[in-house]
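To find a chain, count down the sequence lines: A is the first, B the second, and so on, and within it residues start at 1.
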Amino acid sequence: MRVRVRFAPSPTGYLHIGTARTALFNWLFARKEQGIFILRIEDTDLERSKREFEASIIDDLKWLGIDWDEFYRQSDRLNIYKEIAERLLLEGKAYECFCTKEELEKLRGKGYDRRCLKLSEAEKEILRRERKPAIRLYVPKEGETRFSDYLHGELCFQNNVIEDFVILKSDGTPTYNFSVVVDDIDMRITHIIRGEDHISNTPKQIHIYKALGIAPPIFIHIPMILGQDKAKLSKRHGATSIGEYRSMGYLSEAMVNFLALMGASYNDKQILSLEELINLFSLENLSKNPAIFDIKKLDFLSQEHIRRKSLESLTQLAIQFLKEKKLEYWTIDTIYLTRVLGILQTRIKTLKDIILMGDYFFTEDFSKDIEIPIEEKKRLSSILPELVDILNKVEDWNSTNLENRIRIFITERALDSRWFLQSLRIIISGKKVTPSLFETLEVLGKEKTVNRIKKGMN
RNA sequence: GGCCCCUUCGUCUAGUGGCCCAGGACGUCGGGUUCUCAGCUCGAAGACAGGGGUUCGACUCCCCUAGGGGCUACCA
């Protein structure tokens, strides 16, 4: 049987790290098994669902490189759920509930007491006139519900802890547990890979499968992603959406690699492309321990993936990123940008680092993280004019020539080379850290170099 | 509270009864290369939650305790 999996986000927010990882695992499994990957938007919560979020989730999935073979939106399928719920009602497997919010509130935590099950047909008829009923599934109080999970083995729940839960709300829309099962059956899903927080929903869903007379698929509940404090990763831990990391300049390759590494292993390999991940992915390599989000690892992976990019494609990524950051004037001279990236490539962790570490290539108004002390400035003022003359005479402006000339200059004047080179670095960049000074000067060009040194003399 | 899941270095993980006085990667710390950094390179510290069993032998199997997490809605 052909593998059919689905990723079913609800469009009530941006694509979350944990959700994205669930999508990725489903996708990797589908691609590895040459199966079908379905994207299903679970927008039955009319209050909280927004088209804007749906668009953003789709955008982020595309950015990650995740594509889908079939697409569904639950709001397009409302009549199906309604029809099936009504069938269950007719078959006596479900019943109408007329309870108000207030009545239910009093029952909180105790489980529904089936008061509406005892209603006579006449009573129901009267109630129907004043309000729409919800539909509850009849769940036996005796016995237990078992199902097996690929990662966790046999799981068993006592039926008396499962109340007669609502499957169709009074407004005619399905609840999550119901629409999921109806769709998973309808879409012939073979494997459900989802977060561990759904384990306790599963017995409820099993009861729906039973009521519908269908055998459930294989469940694979993957562990959650936690914050540093080991609580479920949430807003208070900082950035939690894929979009935020994208905007911080992380490469999608790095993000995918990072997500894949959390909760799974691939022959001890760390740096992996999408293709390699597909090849190495296996349900057997999934872990059942929750993973703590560690941005240090993401940084490392991002740096590695940047290093592996060709200069051309890195430039393209940078152009796109800089434009998004409203710095399009940095991208006008593509050749120059490429040369800058050539010396920055091994030093940046994210695309944003280009801005942080390379602003002096593009603007005279660059950030200064260090100033030269007054005392040293005086000393430099007496040395620099001569250097300017020398630099002005350099015909072939490349790092080798520059290094030769400047080193000769240092020797002749008996300068402390560390001190002098570092001073030059600060004068031309405002930074205490840059690529090799001579390469930096080469890329920066004669004009800017000389001007900045002149400026630095004052 | 009830039900359920999880427990190997700080972090992600390898390990499915002897190959493990526990391997890899990130991070950390030291050394080397060097104009600073990145890189490269050499090296170091660092874990089987605790307690009982089972077994000739437990990181691996069972039980208990502790800790962490999740669910407990006419949200998904």
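Between the base of B:C35 and the side chain of A:Arg418 there is no donor-acceptor pair shorter than 3.5 Å. Residue side chain A:Thr175 does not reach the base of B:C74 through any donor-acceptor N/O pair under 3.5 Å, judged by distance alone. For A:Asp197 against B:G69, a side-chain-to-base donor-acceptor contact under 3.5 Å is absent. A:Asn201 contributes a side-chain N or O that forms a donor-acceptor pair with the base of B:A76 under 3.5 Å. Applying the 3.5 Å distance criterion, the base of B:C37 shares no donor-acceptor pair with the side chain of A:Thr434.
Among the protein residues, A:Gly195 comes within range of no part of the nucleic acid, since none of its heavy atoms lies under 4.0 Å from any strand. Contact annotation for A:Gln345: no contact, since no heavy-atom pair falls under 4.0 Å across all strands. Using a 4.0 Å heavy-atom criterion, one finds that A:Ala134 contacts the bases of the nucleic acid, with or without backbone contacts as well. Within 4.0 Å of A:Ile292, counting heavy atoms only, lie sugar-phosphate atoms of the nucleic acid but no base atom. Among the atoms of the strands shown, none is found under 4.0 Å from any heavy atom of A:Pro9. Among the protein residues, A:Leu155 comes within range of the sugar-phosphate backbone only, with heavy atoms under 4.0 Å from sugar or phosphate atoms but none that close to a base. Residue-level contact check: A:Arg407 touches the bases, meaning some heavy atom is under 4.0 Å from a base atom. Within the nucleic acid shown, A:Lys296 comes within 4.0 Å of sugar-phosphate atoms alone, with no base atom in reach, counting heavy atoms only. Residue A:Gln270 is classed as a base contact, given a heavy-atom separation below 4.0 Å to a base. Among the heavy atoms of the strands lying under 4.0 Å from A:Ser436 is at least one base atom, whether or not backbone atoms are also near.
To the nearest whole angstrom, the two P atoms, one in B:A14 and one in B:G23, are 15 Å apart. The gap from the C1' atom of B:G30 to that of B:C12 amounts to 25 Å, rounded to the nearest Å. B:C61 and B:G15 have their P atoms separated by 13 Å, with the value rounded to a whole Å. Comparing the P positions of B:A44 and B:C3 gives an interatomic distance of 50 Å, to the nearest angstrom. B:G10 and B:C4: their P atoms are spaced 31 Å apart (whole Å). B:C5 and B:G43 have their P atoms separated by 45 Å, with the value rounded to a whole Å. B:C48 and B:C9: their C1' atoms are spaced 10 Å apart (whole Å). Between the C1' atoms of B:G50 and B:G67, the separation comes to 10 Å (whole Å).
Atoms NE2 (A:His221) and C1' (B:C6) sit 15 Å apart, rounded to a whole Å. Remark: P of B:C26 and CG of A:Asp294 are 12 Å apart, rounded to the nearest angstrom. What separates CG of A:Asn257 from C1' of B:U13 is a distance of 14 Å, to the nearest Å. Spacing between atom CD of A:Glu103 and atom P of B:A73 amounts to 17 Å, rounded to whole angstrom units. Rounded to whole angstrom, the span from the CG atom of A:Leu261 across to the P atom of B:A14 amounts to 11 Å. The interatomic distance linking A:Phe165 (CZ) with B:C3 (P) rounds to 20 Å, in whole Å. When the P atom of B:G10 is taken as reference, atom CG of A:Asn289 falls 15 Å away, rounded to whole Å. The CD1 atom of A:Ile271 sits 18 Å away from the P atom of B:C12 (whole-angstrom rounding).
Taking the six-membered ring for Trp, A:His198 and A:Tyr176 have ring centres closer than 6.0 Å. A centroid separation of less than 6.0 Å is found between the aromatic rings of A:Phe420 and A:Phe409. Taking the six-membered ring where the residue is Trp, the centroids of A:Tyr150 and A:Phe219 are separated by 6.0 Å or more. The aromatic ring centres of A:Tyr112 and A:Phe165 sit 6.0 Å or more apart. You'll find the ring centres of A:His237 and A:Phe293 outside the 6.0 Å limit.
Base-pair partner of B:A73: not found among the strands shown (Watson-Crick or G-U wobble, both distances under 3.5 Å). Checking B:U7 for Watson-Crick or G-U wobble geometry (two distances, each under 3.5 Å) identifies B:A66 as its partner. Nucleotide B:G39 forms a pair with B:U33, judged by Watson-Crick or G-U wobble geometry with both contacts under 3.5 Å. Across all strands shown, B:C48 remains unpaired; no Watson-Crick or G-U wobble contact has both distances below 3.5 Å. Base pairing annotation: B:U54 forms no Watson-Crick or G-U wobble pair, as no partner gives both donor-acceptor distances under 3.5 Å.
Mapping A:Gln74 and A:Gln303 onto RNA chain B by nearest heavy atom places A:Gln303 closer to the 5' end of the strand. Along RNA chain B, the nucleotide nearest to A:Phe300 and the one nearest to A:Met224 differ in position, and the one closer to the 5' end is contacted by A:Phe300.
Closest approach to the A:Arg347 side chain among B:C3, B:U36, B:C74 is made by B:U36 (side chain taken as heavy atoms from C-beta onward). Checking B:C75, B:G23, B:G69 against the side-chain heavy atoms of A:Lys232 singles out B:G69 as nearest. Of the listed nucleotides (B:A76, B:G23, B:A25), B:A76 has the atom at the smallest distance from the side chain of A:Tyr176. Of all nucleotides listed (B:C71, B:A38, B:U36), B:U36 comes nearest to the side chain of A:Gln422.
Judged by distance alone, the side chains of A:Tyr72 and A:Glu70 do bring a donor and an acceptor atom under 3.5 Å apart. Side chain to side chain, A:Ser367 and A:Lys431 meet the donor-acceptor criterion of an N or O pair below 3.5 Å. In summary, the side chains of A:Lys309 and A:Gln345 do not present any donor paired with an acceptor at a separation below 3.5 Å, with no hydrogens or angles considered. Side-chain contact annotation: A:Thr434 with A:Arg425, donor-acceptor N/O pair under 3.5 Å present.
A:Lys288 has a side-chain polar atom (N or O) that falls below the 4.0 Å cut-off from OP1 or OP2 of B:C6. Taking side-chain N and O atoms only, A:Lys230 has no distance below 4.0 Å to OP1 or OP2 of B:U7. For the OP1/OP2 pair of B:G39 and a distance below 4.0 Å, the side-chain nitrogens and oxygens of A:Arg307 include no atom meeting the criterion. OP1 and OP2 of B:C4 both lie 4.0 Å or more from every side-chain N or O belonging to A:His152. Side-chain N/O atoms of A:Lys297 include none lying less than 4.0 angstrom from OP1 or OP2 on B:U13. For the OP1/OP2 pair of B:A14 and a distance below 4.0 Å, the side-chain nitrogens and oxygens of A:Ser265 include at least one atom meeting the criterion.
If you take CZ on A:Phe7 and CZ on A:Phe37, they are separated by 6.5 Å, rounding to the nearest 0.5 Å.
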